[in-house]
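Here is the structure we will look at.
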Amino acid sequence: MIQHSWGPPPTLSPQGMTLERHILERQRSIPGATGDFTGLFQQIALAAKIINSRVRQAGLAGILGLTGDRNVQGEEVQKLDEFAHNVLVRSVEAGGHLCLMASEESADPIRVPEQFPTGKYVLLFDPLDGSSNIDVDISIGTIFSVHRRVTVGRNGSLADCLQRGSSQVAAGYVIYGSSTVLVYSTGDGVHGFTLDPSVGEFFLSHENIKVPARGKSYSVNEGNTHLWDDNTRRWVEHLKTPREVEGKVSANSARYVGSLVADFHRTLLKGGVFAYPADRKSPEGKLRLLYEAAPMAFICEAAGGAASDGQRRIHDIEPQKLHQRTPLYIGSRDDVALAEAFLRGESA
Ligand code: P6P
């Protein structure tokens, strides 16, 4: 804790803008807003604080490593994955704001228990993305997407989950990195809040994030080069080739963490492009559409960037399956457009 001569350190955000107040003020600007949304966000923020606390002590709390189970993706489930999933479900299930949930850790949608009221929203989430990095202390994150339900009746159904990215009413992620930052958008601007652990509150730290039109870095796992098609290889080779940009000869620089939330957060703030292309091993791509690509696309477009599967907007993909995958190219508008041009067989 940094001590100042004039007393306790100021909160992170001098005007003391907390996440809760930010959402409340936004709610008041929406005619007919019922507070449902605000309540849901407060519960998500609580879950983020609980997950953060456990992530920060994982090695000490004996919850590193594997549970011995495999999830619907066939991936080994880390103890923290399961913990984060359970915390999110327990934090939002009783609030009466949701008619259904869906999680990367659950094969089927999760119904609201009978003893609780249901509401008009659907929440889809990846409770702890990048969890293979937990044991080596690399940044990981929680990703969430909110839709309004499209069905009627007490409980929602799969149809409420299988909605296009363009119909999201909000999306966000929490990055458990050198600090814990929650970034969210309801479509009108993107805002970041940093957790002040001494207070236990998220304070506004990144107001109205805008992704630069072009950036210097590209972020892709080049260990998959042998699995890519020719156009994808040509695109990455182009990025690595020194060329004149704004009077300077340089090549793009590579940045790859292997944790979507970390790679996306850097791309959102600094510009550039993150990509997980389709390849011979993952012909549909590796990342999941509904609770990874679509929420990140919602945030990126709200910040002035772009998000594509290489051919079309992520937002325009009509989901067919809950855990379907998609290739993803996301970040600065000009950089994503360049990737799409190469994937069409054009050159720079
Ligand atoms: P690869 C983490 O396992 C994850 O789902 C994303 O967070 C990340 O972007 C991607 O996979 C990394 O995949 O194949 O490069 O290790």
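Just follow the structure's listing: the first ligand is 1, and inside any ligand the first atom is 1.
Scanning all protein heavy atoms for the shortest distance to atom 14 (O) of ligand 1 gives Tyr276 OH, 2.7 Å. Among protein heavy atoms, atom 9 (O) of ligand 1 sits closest to Leu260 N, 3.3 Å. Annotation: atom 12 (C) of ligand 1 to nearest protein heavy atom, Tyr256 OH, 3.3 Å.
In this structure, Phe274 and Leu287 have side chains that are in contact, with non-hydrogen atoms separated by less than 4.5 Å.
No more than 12 heavy-atom neighbours from other residues, nucleotides or ligands sit within 6.0 angstrom of CZ on Arg111.
Remark: among candidates Ser282, Gly130, Ser259, the nearest residue to atom 2 (C) of ligand 1 is Gly130, based on non-hydrogen atoms. Nearest-residue assignment for atom 5 (O) of ligand 1 (options Leu128, Asp129, Asp279; heavy-atom criterion): Asp129. In this comparison of Glu222, Lys286, Arg288, the heavy atom closest to atom 16 (O) of ligand 1 sits on Lys286.
Note on ligand 1: Asp263 sits outside its first shell, no heavy atom being nearer than 4.0 Å.
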Task: ring-ring contact (aromatic ring centres under 6.0 Å, His included) evaluation trace for Phe144 with Phe41 - done: CA-CA 11 Å; Phe144 60 91; Phe41 250 74; 5.6 Å; yes
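Where the criterion is an N or O separation shorter than 3.5 Å, residue side chain and backbone included, Asn221 meets it with respect to ligand 1.
Rounding to the nearest 0.5 Å places OH of Tyr276 at 16.0 Å from CD1 of Ile330.
Every atom of ligand 1 is numbered from 1 in the order shown, and the set under 4.0 Å from a heavy atom of Gly258 is 2 (C), 8 (C), 12 (C).
Distance alone, capped at 3.5 Å, places no donor-acceptor pair between the Asp81 side chain and the Glu105 backbone. Panel note: side chain Asp126, backbone Thr142; no donor-acceptor pair is recorded below 3.5 Å. Panel note: side chain Ser106, backbone Asp108; a donor-acceptor pair is recorded below 3.5 Å.
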